[in-house]
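Right, one structure below, let's go through it.
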Amino acid sequence: MVRKWMNFGINHAAFAYAMTTLGSAMINNIFSFYYVKLFLNKYSISEGAFHQSQVVYMVWNAVNDPLFGYLQDNSRVPCCSHRRLSILYGAPLYSLAFLIAWFPWRSYSPDDWLSGLHLTVALCAFDGMLTFVLLAQCALFAEISSHHQNRLRLIKYNQVASLIGSSSVLFCGMVSTNMENFQAFQAFTVLIAVISCICMMYTGMHSESRFDNKISEADAQASADQTARQTACSFAMLKSLTWQILTNRDFQLFVTMNFFQVFMLAFFNNFTMIFTEHLIPPDALPSLAKSFMYGAGFILPQLLVLSSQSLLQSLGYYKIILFTFIFEAGLAVVMLALGPQRYYFLAFFLTVNMVLIQAAFSLFGLPLADIIDIDLQKYKRSSPLSSMVFGTNALFTKPAQSLAPMIVLNVLNHFGYEGLKDVTQGSNKRYGQFIAPTMVN
């Protein structure tokens, strides 16, 4: 089987690894792009219930990453300790959790308490399974190979898979007319859930970590005899390992940067659609053009990373990530100077920011993998704490995914967004002319 792949010039390990990226990209991008608009505009959730759901999600989002990370790095249960099996068994539940948001539990009235509960369950279930599956995949990234060239190959395959998976947003917008045809939207999400599950299960059946078979039968027997003692001191071990990770200065600096990057990523993913519809009139940018714009925001980052492979090797990821930050800041200054009435430049600004933020974020696995390698050598561990490092990083950065929609919604409602939703639903002909000036006053 491997020879057949090599005849086509395909690296089997990288291909198997990237299939989880393909499956997760299909559902993650649709979820992050549509769920805020769905619950605010269609389910008419109240601002209070929205904030309560985001607070619960923020706590769960932060806690489950280090929890699952410790579990996957230290558990004796194969479905947790083996990265491949974690993905194989987690994939069906991950895809099912994705579907929870798109099917209302009843016909919601405005400010219905059940819509708030629905949002809480949808966010926590989806994030829980996302964390379980993608932590295992992140650990695979560090454990498949320690060579920089091999990791660049993984990123290359990853970006191709992410490029294909990100097109789900484009096709979803075209099939459902940007969610106006809700039944078509629901049918499309079911189809995507099935396809994504199959893709991720392929990784679970064919991917391998170089540490999977490191423990011999004798070592396994010896570790089994020590299980009771290790269980008793597991909390002390967790505390010690976490402290070792947290005191790494490179890790501290990376987490600080990553927090703001996650905030910006959530900000643009959740609100680009809302900003576009309220700030750009339909006669300036028709619905089909907006669908392509949304799709470009998810597809072009992968193309950008793929085309930058030579730059990654010559300049390194640090300089490239730094340049994207500088360019984003400069573009924001230009947008502020031009003002909101420059509709085409506004569309360009939103799209470019989505592209650059996602492209830079796609490279963040490289510094984390380097941090894992340094930790492995510094403490002379028998196997790396891959899941714990990724999980501890998420403990501090994942709250940004909840803070972004909470803060932005507060600001929007302060400038009358709650009333604008009703106007939008009641009149499409005066949509751009009425709303655009109000949003920026």
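Bear in mind the structure is a predicted one, so any value in this text is a computation, not a measurement.
With a 6.0 Å radius and a threshold of 12 heavy atoms from other residues, nucleotides or ligands, F325 has its CZ atom above the threshold. Counting heavy atoms of neighbouring residues, nucleotides and ligands inside a 6.0 Å radius, atom CZ of F182 exceeds 12 of them.
Side-chain contact annotation: Q137 with T20, donor-acceptor N/O pair under 3.5 Å absent. Between the side chains of N353 and E328, no donor N or O sits under 3.5 Å from an acceptor N or O. For the residue pair Y94 / N28, a side-chain donor-acceptor distance below 3.5 Å is found, with atom types taken as modelled.
Checking side-chain atoms of T351 against main-chain N and O of F348 turns up no donor-acceptor pair under 3.5 Å. At distances below 3.5 Å, not a single donor-acceptor pair connects side-chain atoms of S166 with backbone N or O atoms of L163. Side-chain N or O atoms of Y343 include none that pairs as donor or acceptor with a backbone N or O of P340 at under 3.5 Å. In this structure a side-chain-to-backbone donor-acceptor pair under 3.5 Å is missing from T131 to D65. In this structure a side-chain-to-backbone donor-acceptor pair under 3.5 Å is present from S168 to M26. Under a 3.5 Å cut-off, the side chain of Y157 and the backbone N or O of A13 do not form any donor-acceptor pair. Counting only distance, with no hydrogens or angles, the side chain of R84 and the backbone of G204 share a donor-acceptor pair below 3.5 Å. Between the side chain of T324 and the backbone N or O of I321, at least one donor-acceptor pair lies under 3.5 Å.
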Show the atom names and distances, to 0.1 Å, of all donor-acceptor pairs under 3.5 Å that link a side chain in residues 402-409 to residues at least two apart or in another chain.
unit_1 : atom_1 : unit_2 : atom_2 : d
S402   : OG     : Q54    : O      : 3.2
S402   : OG     : Q54    : OE1    : 3.4
S402   : OG     : M58    : N      : 3.3

Could you go through residues 256-266 and list every donor-acceptor pair under 3.5 Å that involves a side-chain atom there, pairing it with any protein atom two or more places apart or in another chain?
unit_1 : atom_1 : unit_2 : atom_2 : d
T256   : OG1    : Q252   : O      : 3.0
N258   : ND2    : N393   : OD1    : 3.0
Q261   : NE2    : I357   : O      : 3.0

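Identified under the side-chain hydrogen bond (donor to acceptor under 3.5 Å, both in side chains) test for residues 179-200, with sequence neighbours left out: S95-S196. Sequence neighbours left out, not one pair with a member in residues 260-270 passes salt bridge (Lys or Arg N to Asp or Glu O under 4.0 Å). Judged as a salt bridge (Lys or Arg N to Asp or Glu O under 4.0 Å), the pairs with a partner in residues 101-111 (not counting sequence neighbours) are, in order, R106-D112. For residues 263-272, no residue pair satisfies the side-chain hydrogen bond (donor to acceptor under 3.5 Å, both in side chains) rule, not counting sequence neighbours. Residue pairs meeting the salt bridge (Lys or Arg N to Asp or Glu O under 4.0 Å) criterion with at least one member in residues 361-372, sequence neighbours excluded, are R151-D370. Among residue pairs with one or both ends in residues 345-356, none qualify as salt bridge (Lys or Arg N to Asp or Glu O under 4.0 Å); sequence neighbours excluded.
The side-chain heavy atoms of Y202 and F15, taken from C-beta on, include a pair separated by under 4.5 Å. Counting heavy atoms from C-beta outward, K156 and Q309 have side chains that approach closer than 4.5 Å. Residues N178 and S291 are in side-chain contact: their nearest non-hydrogen atoms beyond the backbone lie under 4.5 Å apart. In this structure, the side chains of T392 and F396 come closer than 4.5 Å at one or more pairs of heavy atoms.
The side chain to side chain donor-acceptor pair (under 3.5 Å) check on K37 picks up E277, with sequence neighbours excluded. For L170, the side-chain contact (heavy atoms from CB on, under 4.5 Å) partners at least two apart in sequence or on another chain are M174, F292, I299. For V56, the side-chain contact (heavy atoms from CB on, under 4.5 Å) partners two or more places apart in sequence, or in a different chain, are T120, C124. With sequence neighbours excluded, the residues satisfying side chain to side chain donor-acceptor pair (under 3.5 Å) with D127 are N64.
Here the straight-line distance linking atom CD1 of I245 with atom CG of N248 works out to 9.0 Å at 0.5 Å rounding. Separation of atoms CD1 (I27) and CG (L99) is listed at 8.5 Å; rounding is to 0.5 Å. Residue M273 holds its CE atom at 13.0 Å from CG of L350, rounded to the nearest 0.5 Å. Rounding to the nearest 0.5 Å gives a distance of 9.5 Å between CG of L346 and CG of L285. Atom CG of L130 sits about 11.5 Å away from atom CG of L123, to the nearest 0.5 Å. In this structure, CD on Q313 lies 11.5 Å from OG on S308, to the nearest 0.5 angstrom.
Minimum heavy-atom separation, P104 to H118: CA-CE1, 3.8 Å. When all heavy atoms of Q358 and Q302 are compared, the pair lying nearest together is CG-NE2, 4.1 Å. Nearest heavy-atom pair across L363 and I320 is CD1-CG2, 4.1 Å. For the pair L22 and C199, the tightest heavy-atom approach, listed with the atom from each and the gap, is CD2-SG, 3.7 Å. In terms of heavy atoms, A49 sits closest to G116 at CB-CA, 4.0 Å. Taking every heavy atom of both residues into account, I100 and A125 meet most closely at CD1-CB, 3.7 Å.
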Problem - ring pair (Phe, Tyr, Trp, His ring centres under 6.0 Å) between F275 and F267, worked out - result: CA-CA 11 Å; F275 288 154; F267 168 65; 5.7 Å; yes
Exercise for the section: Could you go through the ring pair (Phe, Tyr, Trp, His ring centres under 6.0 Å) check for Y34 and F185 one step at a time? Expected result: CA-CA 10 Å; Y34 284 105; F185 176 84; 5.2 Å; yes
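Aromatic rings of F126 and Y35 (six-membered ring for Trp) have centroids beyond the 6.0 Å cut-off, not under it. Here F188 and W102 keep their ring centres 6.0 angstrom or further from each other. Here F251 and F254 keep their ring centres 6.0 angstrom or further from each other.
Using a 30° and 60° split on the angle between ring planes, F298 and F33 fall in the perpendicular class, above 60°. In this pair, Y43 and F39 present their aromatic rings perpendicular. The plane angle is above 60°, beyond the 30 to 60° band.
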